[in-house]
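Any value given below was found using the heavy atoms of this structure, including those in side chains, with hydrogens, waters and symmetry copies removed. In each ligand, atom 1 is the first atom listed, and ligand 1 is the first ligand listed. Note that the structure is predicted; figures quoted are calculated from it, not measured.
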Amino acid sequence: MPSPRRSVEGRPLGVSASSSSSSGSPGSPAHGGGGSSRFEFQSLLSSRATGVDPACARLRASESPVHRRSSFPLAAAGPSQAPPPPLPEEDRMDLNPSFLGIALRSLLAIDLWLSKKLGVCAGESSSWGSVRPLMKLLEISGHGIPWLVGTLYCLCRSDSWAGREVLMNLLFALLLDLLLVALIKGLVRRRRPAHNQMDMFVTLSVDKYSFPSGHATRAALMSRFILNHLVLAIPLRVLVVLWAFVLGLSRVMLGRHNVTDVAFGFFLGYMQYSIVDYCWLSPHNAPVLFLLWSQQ
Ligand SMILES: CC(C)=CCC/C(C)=C/CC/C(C)=C/COP(=O)(O)O
């Protein structure tokens, strides 16, 4: 144990006015100005040597009654005792990452706990195991292959320029989605939940990762696309939104994803539509594409 009177570098801390044998605990704020300040000052410096989080040590220091009085306690120790230098700016900023870290860890813990609770169709023997076939049917409804094949088929059959334009953009949206999801999955590499059974219909190699949910991005992207480009009666519009929501929920119920994978997937899909809308392909800005297609 290093002497409590010395800093990590071995230099005296300059807090010698009160002896460590004075009554009460040295760390207690009730201990008195000198004792309290000694504890706090030591905790600031020795945290580097002991591995204690400096942010926590600093937090303790800033909470002390001495600091609240905003007079540096060591001044009371005597004229020969030089006050320690103020903390470097970058050290003071450490508090934020620490709070952010705690918030993220808490969110992650809630995410894992909630996802496990909601994974009621993760296996045949799960509490809602009998609904699993229905959930898997929903899974296929949001899979990339049926959407790609369906779009290409309609594009081949379409005989109007307006129809071709919408379908061409739908194809672009689907490809953009596959690309972005694969990119993020490959970068983040978050494993699928432990209770997931990897029995999915055709997957790509990145689909062993779970963040973000490709089904959720497609659900949000396709529903926004459909609502903006198909003239549908209100009940059908409600159905489209419901489909997207239930598809996202089914990913967690099947145990394929954590809640945050799906939540971010919805957000990403929503934003992807904005990109598609912004880059909307038309015979005016992409004439080559349309000419090529019309010659097929
Ligand atoms: C043109 C091309 C590369 C087509 C690939 C279509 C395909 C196999 C997409 C994979 C869809 C899929 C299984 C996504 C995973 O969804 P999660 O919700 O489990 O992330």
Check ligand 1 against Lys185 and write out every atom of the ligand that is under 4.0 Å from a heavy-atom position of the residue. 15 (C), 17 (P), 20 (O)
Let me check something: do Val181 and Phe267 share a hydrophobic cluster, defined by ILVMFWY side-chain heavy atoms less than 4.5 Å apart, either directly or through other members? yes
Name the option, out of Asp261, Ile145, Thr217, that contains the heavy atom nearest to atom 6 (C) of ligand 1. Ile145
Near Ser213, which atoms of ligand 1 are under 4.0 Å from a heavy atom of that residue? 18 (O), 20 (O)
Using a plain distance cutoff, I'd like to know if Tyr209 has any nitrogen or oxygen under 3.5 Å from a nitrogen or oxygen of ligand 1. no
Starting from atom 7 (C) of ligand 1, which protein heavy atom do you reach first, and at what distance in Å? His143 CE1, 4.0 Å
Using a 4.0 Å cutoff against the non-hydrogen atoms of Arg218, which atoms of ligand 1 qualify? 11 (C), 14 (C)
Contact atoms of ligand 1, heavy-atom distance to Leu178 under 4.0 Å: 2 (C), 4 (C), 9 (C)
Using a 4.0 Å cut-off to any heavy atom of His257, which atoms of ligand 1 qualify? 17 (P), 18 (O), 19 (O), 20 (O)
Is there a polar contact, in the sense of an N or O pair closer than 3.5 Å, between Arg251 and ligand 1? yes
Passing option when Asn196 is tested against Arg256, Arg191, His257 for side chain to side chain donor-acceptor pair (under 3.5 Å): Arg256
Looking at Asp207, Val202, Asp177, the heavy atom closest to atom 8 (C) of ligand 1 belongs to Val202
